[in-house]
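Notes follow the structure.
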Amino acid sequence: MAAEGKAIDALGQFELQPFLGPIGEAVRFSQSNAHMLAAVGIISGLMIWGMARRAIIPGRLQAAAEMSYDFVHDLVTGQVGDEGKRFFPFVFSLFMFVLFGNLIGLLPFAFTFTSHIAVTFTLAMVVFILTTIVGIAIHGKHWFSYFVPEGAPKPLLPLIVPIEIISYLSRPVSLSVRLFANMVAGHVMLKVFATFVVMIGGAGILGIFGATLPLALNVVLIGFELLVAFLQAYVFAILTSIYLHDAVHLH
Amino acid sequence: MADERDGGFEQRLRDARAKRGLDKPKDAGPTQGLPTGPWGIGFRAGVEVVSALVVGIVIGIVLDRWLGTWPWFFLLFFVMGSAAGVLNVYRLFNPRSGPRG
């Protein structure tokens with residue numbers, strides 16, 4: 001499909017298709033939604049099933065569940081401090097959702113819902129609105145002093161305050177674009193080199209030897225993508241914690 | 001004695017209380033930071049600049065549409081957006097709240 005007509009179709013993998021043909025078409029349910037549901041199901045399964053036995057010596061599933069819990073717990077309390085425990089469930093769900101979205105997308109025939117700016121921007125807006133509401137709820141009117149840096153000269157304030165506001169508004173944009181761009185770039189690279197394998201491999205005996213080169217590169221890339229999948233979920237979670245820290249502590 | 005293993009019972013009790021947040025640790029600094037690789041930092045800086053610029057431009061264009069003053073607000077907020085982008089990159093290396101906690 002990818003190498004049809006000697007053209008590399010690297011972006012076709014991001015197209016939305018109705019899930020289960022006419023059934024999905026009728027209720028506007030795409031494969032992206034189906035993968036989100038799958039991610040939520042796998043996470044719930046891991047946490048509920050993994051912790052069901054509550055063994056003192058954890059098995060594999062329980063160890064995975066406990067490790068992810070501990071990891072996010074240390075991340076949130078390390079960044080936000082003790083007040084951060086209130087936000088642990090939020091950051092944990094966000095981290096697991098993004099992580100499993102990235103990981104599921106690496107499986108063959110699967111779809112990466114984190115490669116859509118609509119999804120990542122929605123997640124980033126949730127973070128943005130939550131941090132703003134938390135900041136206003138905790139500090140009241142005093143929260144607006146966030147846009148007035150300490151020690152700034154008075155005559156410069158009309159210039160500095162709009163710049164601070166733009167800087168604050170750019171947070172959800174940078175948060176979502178970072179995740180989206182990383183996932184798209186990785187999957188496009190994988191697709192391009194996979195297409196090279198087919199194209200070169202089709203060129204006779206010599207081509208089969210030549211095709212091993214992009215194939216080897218793709219093996220390396222998959223490993224790299226696993227790292228990126230984890231790293232981007234981590235960055236998303238830690239930036240959320242940093243924004244929460246700013247909202248709770250203000251200065 | 002079993003207690004001798006890791007600093008005795010008192011030490012373990014202190015660790016457990018600190019972990020639960022019952023005792024406040026003295027220096028509540030950040031325990032983890034963002035990953036710092038040359039590529040990570042470079043990409044982050046780029047994204048920060050572009051996103052601030054985009055937000056500035058969008059605000060400018062919306063204001064111009066609303067007030068019919070094209071292109072003045074666009075130009076103003078273009079400059080403001082670039083300044084905010086530089087500010088974002090500055091914050092990337094010098095977080096605003098000094099010592100966290």
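Values below: all heavy atoms of this structure, side chains included; hydrogens, waters and symmetry mates excluded. Order of the sequence lines fixes the chain letters, A, B, ..., with proteins taken first and strands second; residue numbering starts at 1 for each chain.
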>> If you define the side chain from C-beta out and look only at heavy atoms, does anything of B:Ile59 sit under 4.5 Å from A:Leu169?
In response: yes
>> Is it true that, when you exclude A:Phe90 itself, more than 12 heavy atoms of the residues, nucleotides or ligands shown sit nearer than 6.0 Å to its CZ?
In response: yes
> Thinking salt bridges, do A:Arg171 and B:Glu48 make one under a 4.0 Å N-O criterion?
Replying inline: no
> Can you say whether A:Leu159 sits under 4.5 Å from chain B via the side chain, the backbone, both, or neither, judging by heavy atoms?
Replying inline: both
> B:Val47 and A:Leu175: side chain to side chain contact (heavy atoms under 4.5 Å, CB included), yes or no, with the steps?
Replying inline: CA-CA 9 Å; B:Val47 169; A:Leu175 191 61; over 6 Å; no
> In Å, rounded to the nearest 0.5 Å, how long is the span from CZ of B:Arg44 to CG of A:Leu239?
Replying inline: 5.0 Å
> Who are the ring pair (Phe, Tyr, Trp, His ring centres under 6.0 Å) partners of A:Phe196, not counting sequence neighbours?
Replying inline: A:Phe193
>> Nearest 0.5 Å, please: how far is CG in B:Leu87 from CD1 in A:Ile166?
In response: 10.5 Å
> What closest approach, in Å, do B:Asn88 and A:Ser170 show between heavy atoms, and which atom pair accounts for it?
Replying inline: ND2-OG, 3.0 Å
> For the side chain to side chain contact (heavy atoms under 4.5 Å, CB included) test, which of A:Pro172, A:Ser174, A:Ser167 pairs with B:Ser51?
Replying inline: A:Ser174
